[in-house]
Structure formats: structure tokens, C-alpha cells
Amino acid sequence: MLINIVVEQKRQIERLGKSIKEIYLPLKTSDTLVVEYRKWLDKFGQGLPFYQGYDSEKNFHSDELQENSLTLDRLSQHTQICSSCNQVYRVTNFSKQIFIGVAIALAALAILTDNSWVKPVAVVGGLLAIILAFAAQQLKTKFERAYTRH
């Protein structure tokens, strides 16, 4: 619900074509952090593909902006833009694939070996690799999840 309000406010600001400073009357008691964040974006937001600062903004072309406004997921709204989150997302995805490969290899090893000590170690290692792959998937999902529930 709250994200819908924020998205609609963003659309209203874009329709007016003015800076937030021109249309926004901040409350000194509660909006200080928001204003300071927007001023920080004015200084350091130039490297972002889009931002809405207090005095300035950098937006998409109108087609991209409309498409982006309809997308309410973390992957497109943050993860793909934030270099550190994007790196963690890629490492998590790669780790999941590696753990699945290790689990398959250890399962094959457990099947192909006789009743030696290797078989139980391979089974336990395979189960551990499956658990780690599941954990990596859970972490990966946190970077993709939609902001709203449908």
C-alpha cells in the first residue's frame, strides 16, 4: 500500500516537471532527513541512471520511465543499479549453481562407490551442498522480491 503512494507521488512530480524544492514544503520536525538525502543526491547522484534530488534530477527517457514506474521489484529498482548489491546478487547466483553441481557430483560419487567410508561422506557432503544451495537461493530471492504482494 505504502509503495503505491510513493510511486504515485513520483508520477505527480514527474508530470509537473519541477524540482522537489519548488513543489515540496518540508516539515522541519519530520522531513529533515528526507531533504538532506535529496541534497546528498544532488551532490553525488550523477553516477546513478536516475535520481530525484532536491534541486536536480536525472530521469529516463519517457518510454523507459513509464516502463520503470510499472516495475515494483527490487531487482530492477535497486539491485541492478547498486554496484555492491549487484555484485552480491551475482555471487549468490554463482554460488547456488556451484553448490548444485557439487551436490550432483557427490551424489554420483555416493552411487558409484562401494560400502567404503567414502559413501556416507559423499551423502553427507551432498546434503550439505543442497542446504547451501537452498540458502543461496533464499538470499538471491531477497534481491529480486516484489515490493508489493499480489
Side-chain angles (χ1 to χ4, degrees), residues 1-15 19-20 24 26 30-150:
M1 206 61 169
L2 180 61
I3 192 67
N4 293 334
I5 294 170
V6 172
V7 169
E8 188 55 37
Q9 285 177 344
K10 181 176 183 259
R11 288 181 183 154
Q12 291 292 335
I13 291 168
E14 290 163 359
R15 273 193 282 269
S19 70
I20 290 179
Y24 182 62
S30 61
D31 293 337
T32 305
L33 291 176
V34 173
V35 171
E36 290 304 314
Y37 169 69
R38 297 289 182 186
K39 288 178 180 178
W40 179 87
L41 283 173
D42 287 333
K43 289 181 184 177
F44 303 105
Q46 294 82 16
L48 298 173
F50 67 93
Y51 71 93
Q52 179 71 53
Y54 195 60
D55 290 318
S56 63
E57 65 181 308
K58 182 178 173 185
N59 283 323
F60 294 110
H61 301 288
S62 60
D63 295 340
E64 293 175 286
L65 187 58
Q66 181 142 357
E67 178 184 317
N68 191 44
S69 295
L70 299 175
T71 307
L72 296 177
D73 61 288
R74 285 188 185 145
L75 186 62
S76 63
Q77 292 287 322
H78 178 79
T79 303
Q80 292 175 340
I81 298 165
C82 177
S83 62
S84 59
C85 289
N86 193 339
Q87 183 178 4
V88 171
Y89 178 75
R90 286 184 284 130
V91 167
T92 303
N93 191 37
F94 180 73
S95 298
K96 180 186 107 174
Q97 293 171 356
I98 293 295
F99 290 135
I100 290 171
V102 168
I104 291 170
L106 289 173
L109 180 65
I111 291 169
L112 296 175
T113 59
D114 56 356
N115 289 335
S116 68
W117 62 271
V118 175
K119 190 173 212 146
V121 170
V123 169
V124 170
L127 290 174
L128 180 61
I130 290 170
I131 291 169
L132 291 173
F134 179 76
Q137 175 61 34
Q138 293 299 106
L139 181 59
K140 181 178 168 263
T141 302
K142 291 185 185 286
F143 290 98
E144 300 168 332
R145 190 175 358 166
Y147 287 116
T148 57
R149 294 185 181 145
H150 299 289

J.: Would you please classify the geometry between the Phe44 ring and the Trp40 ring as parallel, tilted or perpendicular, with 30° and 60° separating the classes?
T.: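 Tilted.
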
J.: For the CG atom of Leu139 and the CZ atom of Phe134, what is their distance to the nearest 0.5 Å?
T.: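 Atom-to-atom, Leu139:CG and Phe134:CZ are 12.0 Å apart.
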
J.: Considering all heavy atoms of both residues, which atom of Leu106 and which atom of Gly125 are nearest to each other, and what is their separation?
T.: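 For Leu106 and Gly125, the tightest heavy-atom pair comes out as CD1-C, 3.4 Å.
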
J.: Could you pull out the closest heavy-atom pair between Thr113 and Lys119, with the gap in Å?
T.: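 Shortest heavy-atom separation between Thr113 and Lys119 comes out as O-NZ, 3.5 Å.
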
J.: Just verifying a value: how many Å separate Leu132 CG and Ile98 CD1, rounded to the nearest 0.5 Å?
T.: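 Leu132 CG to Ile98 CD1: 12.5 Å, rounded to 0.5 Å.
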
J.: Could you grab the distance from atom OG1 of Thr141 to atom OH of Tyr89, nearest 0.5 Å is fine?
T.: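 Reported to 0.5 Å precision, the distance equals 8.5 Å.
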
J.: Distance check, rounded to the nearest 0.5 Å: Thr92 atom OG1 versus Gln87 atom CD?
T.: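 Going from the OG1 atom of Thr92 to the CD atom of Gln87 covers 10.0 Å.
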
J.: Can you tell me how far apart CD (Gln137) and CG (Asn93) are? Round to the nearest 0.5 Å.
T.: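 Answer for the CD-CG pair, Gln137 versus Asn93, is 8.0 Å.
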
J.: Output the distance between atom OG1 (Thr79) and atom NZ (Lys140), rounded to the nearest 0.5 Å.
T.: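 Result: 11.0 Å between the selected atoms.
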
